[in-house]
A.B. asks: 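Structure provided below as structure tokens; questions to follow.
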Amino acid sequence: MSNKEHIVKTFGFPPIFRLSSFASVKLTITLLVLIAFSVLVGAWCPQESQVGKEKVIEQFGPNLGNEFIKYGIADIFHTPWFLGLIGLLTVNMIACSVQRVFPKVKSLRKTLPYLSTNEIKKIAFNRSVELEASPEIIISTLGKKLSKNNYKVNINNEKLTAEFGKYARLAATITHIGLLTLLAGVTITSWTGFNGFQTVRLDETMSFADSEHSKLWIGQLPKWKVYVKDTKREDYDNGDPKQWYSNLSVIEENGKIIKQQEISVNNPLTYKGVDIYQSSWGLDQLAIAFNKNVVKLNLRPMGKLYAAFVPLNENTILIFSIKDQFKPLRVFAKIPEWQTPRLLSEITVGKSVKLGDVNLSYIKVIPVTGLQYKSDPGLLITYIAFGFIISGVLLAAIPNRQLWAHVLVIDVKKNVLTIGGVSRKAKNAFEKSIEKIVMDLNAKFKSNDSQMQGGNKDQKKKEQYV
Amino acid sequence: MSDLQVTLTNTAGISSVISFWVFVCSNAFKRWQNNLIRLGVIGIIVGFISLTIAIVARGIEAERFPLANLYESLLWFAWAIMGTYLLFAKMYNLKQLGWLASLTAATMFLYGSWLPAGQHEITPLVPALVSYWRQIHVPPLIVSYAMFFLSGLSAFIQLWQSGHIRSVLFSALAVVLSLLAVALGTYTSINSFYLQALFVGGSLIGMLMALFNLKHINQKFINREKADLYDEVEYRSIMVGFPLLTIGIITGGLWANHAWGTYWSWDPKESMALVAWLGNAAYIHLRIHKECSAEKLSLVAIANMLLTLLTYLGFNSLGFGGLHSYGKFK
Ligand code: HEM
């Protein structure tokens, strides 16, 4: 990059307000380091948004923990500091890309100019060798060798240009387009997307009113609702849960059912850009009747089962235990004298049993399904960005190599080949490969008194390990 | 673990130790230097081949892709270090990198062999890891870590060959203290706060001292040609590691989106990989900027190696939390 490119005309504005003052790679490096440092802090300190405030205080104690919460260290990715850094990086990247990176695309259309011996000798790496063959033969042999090494070769009489990895010159452009696209995708999602989690009982509906979204959010939460028509659990033979299912109906504002689908883990329902995932499952309430008095008991998960406890008097507790809505309800009693609760009865749904003078009926159990939902309008753009970024950084791994050659005619048989070139990323490997080609040519078209020039290094030494 | 696998893994470990000492001897006995170096390279070739077979055998025995816990990832890491060294050795005729690469591989073998036996056994996967995404997501990451190590090691030689002996020593101190913190975190129950302080403090002090001592140059050691060469190897390792890390991070996002419906959640290990990514992006731009000397770039490469160490091993052993706790072993 020549110095000229850095000088951009500016009229009157103090330096800080010029867009070009954001186009500095120094600023880029500073920002990358500061962002890396902030992310490192975020990785080290448990983040409120993931583990909750309590965990932060538990880890660092009340004093330090509360300081961390106060200064945003425990929520660093939402602090003005972090968002500001990302904002600056964006401006920096746009300025730099427009000014210096994207124009590189144009250079692809230009072909390399042919250079004369004198011009080639001005290139930092160049070699000359005297060969006993005609210019046409020398150049075409060189061209074939370079083509074999995947160079793109152009020949014009006794002059040659060749380039390896031409499209690698696009690496920076493609990567930065990808990064800007990524920022666009993420911004779209955070400004128009929402997500949330809700537990919904069988026969009840879920709305999106409690969705989480960013402060800058624009848009409208969906008016349609989701009705849980059925939900159940499937087990392995050993009793471990295998899969959860929920049969959902999408209901529009006017009460019309638009869509019905059974979802399960990894098999979400999608409607109008909102994905609804099955994410947990449980039994919530038990409806029973004591002598026709209906009561609803809250169930608690106990290992693989769910249970409800009803104290009858100071000493006696009734325990109801159930596995899922298809298994019978088991009723236990526990008094202090007994080591373990005793099974009193098993009741299938809809049936009653007599316990002493009480008629106990099992009416129903109400399952609850945990639904995770999200709307991610920027997802497609984000995925496209991923594609660009991966292509760009892969291209950057290929070293671009440019090479020029010219045969200067001395007489019909004896001629001098001069060859020179540049490779910014793999200078040593490039020079070695060219030296090898020149030596091969020298061996093939040997001129008795020929000596390679420009090579100030002892070739024998090159063969050793370094 | 089958006997075959144990034998092959041990062969790889032992041959990396032997080739390390052969490389060391090659500097002491100049007369046989070239032959000893050839022997050292052969040692790494033997180690590389047996390790390749060992990893394949493990996959067949486990009936799954053999990269599911810390121990297996260490095998992959050593494999990548050895393989890439051999590739570079062929491209550039490298010598010194040989003893550092074999030393690194040997250290990883040793670290792996001291892990609790449970890590060596083939165990069923936890449900979260049963996915074809695992074999797309993890190998690029481990290989990229190995690339950043090779880059850091080349940086050491670059500094040495440009006469910055003091900076080499201080950077080595930084690396040794960080490794000590990781080792103590793995095998003892010292409070992780102290170990974090040891890692971060050791790295910072060592690297800053190395930076301030760049002006001390020992003319006796200067070999511009070699310094240039290792500068290039350092750069190219990063240019190979960087796309791999990028692919690893992005496929991790795709996996997460597939499994949980969100591609990024600032999980600590995720964040650490991003830190390593940003550090290497800074290196790439420093190179483009062209105002930074090769020696300063070498220090940045070594700093990135330390970040990689923190991401890869420091993370679990120094008590950071998060989803990726399958790397845990206590
Ligand atoms: C935010 C501000 C950024 C600015 C202003 C910036 C600027 C630049 C510039 C000027 C180049 C040199 C183009 C050339 O001469 O070939 C470049 C190359 C590059 N940048 Fe960035 N960059 C930024 C962020 C990033 C980030 C975050 C990454 C992360 C991946 C990145 C990856 C690359 C890559 C891979 C190259 C190509 C390097 C090569 O071809 O050797 N850039 N960048």
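Proteins get letters first, then strands, A, B, ... in listed order; numbering begins at 1 in each.
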A.B. asks: Using salt bridge (Lys or Arg N to Asp or Glu O under 4.0 Å), reason through Arg224(B) and Asp231(B) one step at a time and then give a plain yes or no.
C.D. replies: CA-CA 10 Å; Arg224(B) 266 286 130 212; Asp231(B) 175 57; over 6 Å; no

A.B. asks: Can you tell which of Thr382(A), Thr30(A), Thr189(A) has the highest number of heavy-atom pairs within less than 4.5 Å of chain B?
C.D. replies: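 Winner by heavy-atom pair count: Thr382(A).
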
A.B. asks: So which of Asn257(B), Ile247(B), Leu274(B) has the largest heavy-atom pair count under 4.5 angstrom toward chain A?
C.D. replies: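 Looking at each of Asn257(B), Ile247(B), Leu274(B) in turn, Asn257(B) comes out on top.
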
A.B. asks: Among all residues two or more places apart in sequence or in another chain, which pass the salt bridge (Lys or Arg N to Asp or Glu O under 4.0 Å) test with Asp228(B)?
C.D. replies: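 Here the qualifying residues are Lys427(A).
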
A.B. asks: Out of Glu225(B), Arg236(B), Glu232(B), which one pairs with Asn428(A) under the side chain to side chain donor-acceptor pair (under 3.5 Å) rule?
C.D. replies: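 Only one of Glu225(B), Arg236(B), Glu232(B) forms a side chain to side chain donor-acceptor pair (under 3.5 Å) with Asn428(A), namely Glu232(B).
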
A.B. asks: Treating Gln196(B) as the side-chain partner and Leu318(B) as the backbone partner, does any N or O pair qualify as donor plus acceptor under 3.5 Å?
C.D. replies: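 Side chain of Gln196(B) to backbone of Leu318(B), a donor-acceptor pair under 3.5 Å: yes, one is there.
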
A.B. asks: Could you list the residues that satisfy side-chain contact (heavy atoms from CB on, under 4.5 Å) with Thr270(A), not counting sequence neighbours?
C.D. replies: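 Here the qualifying residues are Asp275(A).
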
A.B. asks: Below 4.5 Å from any heavy atom of chain B, which atoms of Tyr383(A) appear? Answer side chain, backbone, both or neither.
C.D. replies: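 When you check distances to chain B, only side chain atoms of Tyr383(A) fall under 4.5 Å.
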
A.B. asks: Between Phe37(A) and Trp44(A), is the ring pair (Phe, Tyr, Trp, His ring centres under 6.0 Å) condition met? List the steps.
C.D. replies: CA-CA 11 Å; Phe37(A) 175 74; Trp44(A) 167 74; over 10 Å; no

A.B. asks: Between Phe193(B) and chain A, with a heavy-atom cut-off of 4.5 Å, which part of the residue counts as in contact: side chain, backbone, both or neither?
C.D. replies: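 Phe193(B) touches chain A through side-chain heavy atoms alone.
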
A.B. asks: Asn195(A) versus chain B, heavy atoms under 4.5 Å apart: side chain, backbone, both or neither?
C.D. replies: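 Contact with chain B is absent: no heavy atom of Asn195(A) under 4.5 Å.
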
A.B. asks: Counting only non-hydrogen atoms closer than 4.5 Å, does Leu254(B) touch chain A with its backbone (N, CA, C, O), its side chain (CB onward), both, or neither?
C.D. replies: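 Its backbone and side chain both get close to chain A.
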
A.B. asks: Output the option from Leu307(B), Val240(B), Leu286(B), Leu310(B) having the highest count of non-hydrogen pairs under 4.5 Å with chain A.
C.D. replies: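 Of the options given, most contacts go to Leu286(B).
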
A.B. asks: Checking heavy atoms, do the side chain of Leu379(A), its backbone, both or neither come under 4.5 Å from chain B?
C.D. replies: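 Side chain only.
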
A.B. asks: Within a strict 4.5 Å, meaning less than it, do heavy atoms of the Glu270(B) and Trp264(B) side chains meet?
C.D. replies: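 Glu270(B) vs Trp264(B): side chains touch.
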
A.B. asks: Just give me the residue among Tyr277(A), Phe77(A), Phe386(A) that pairs up with chain B most often, heavy atom to heavy atom, under 4.5 Å.
C.D. replies: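 Most heavy-atom pairs under 4.5 Å with chain B: Phe77(A).
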
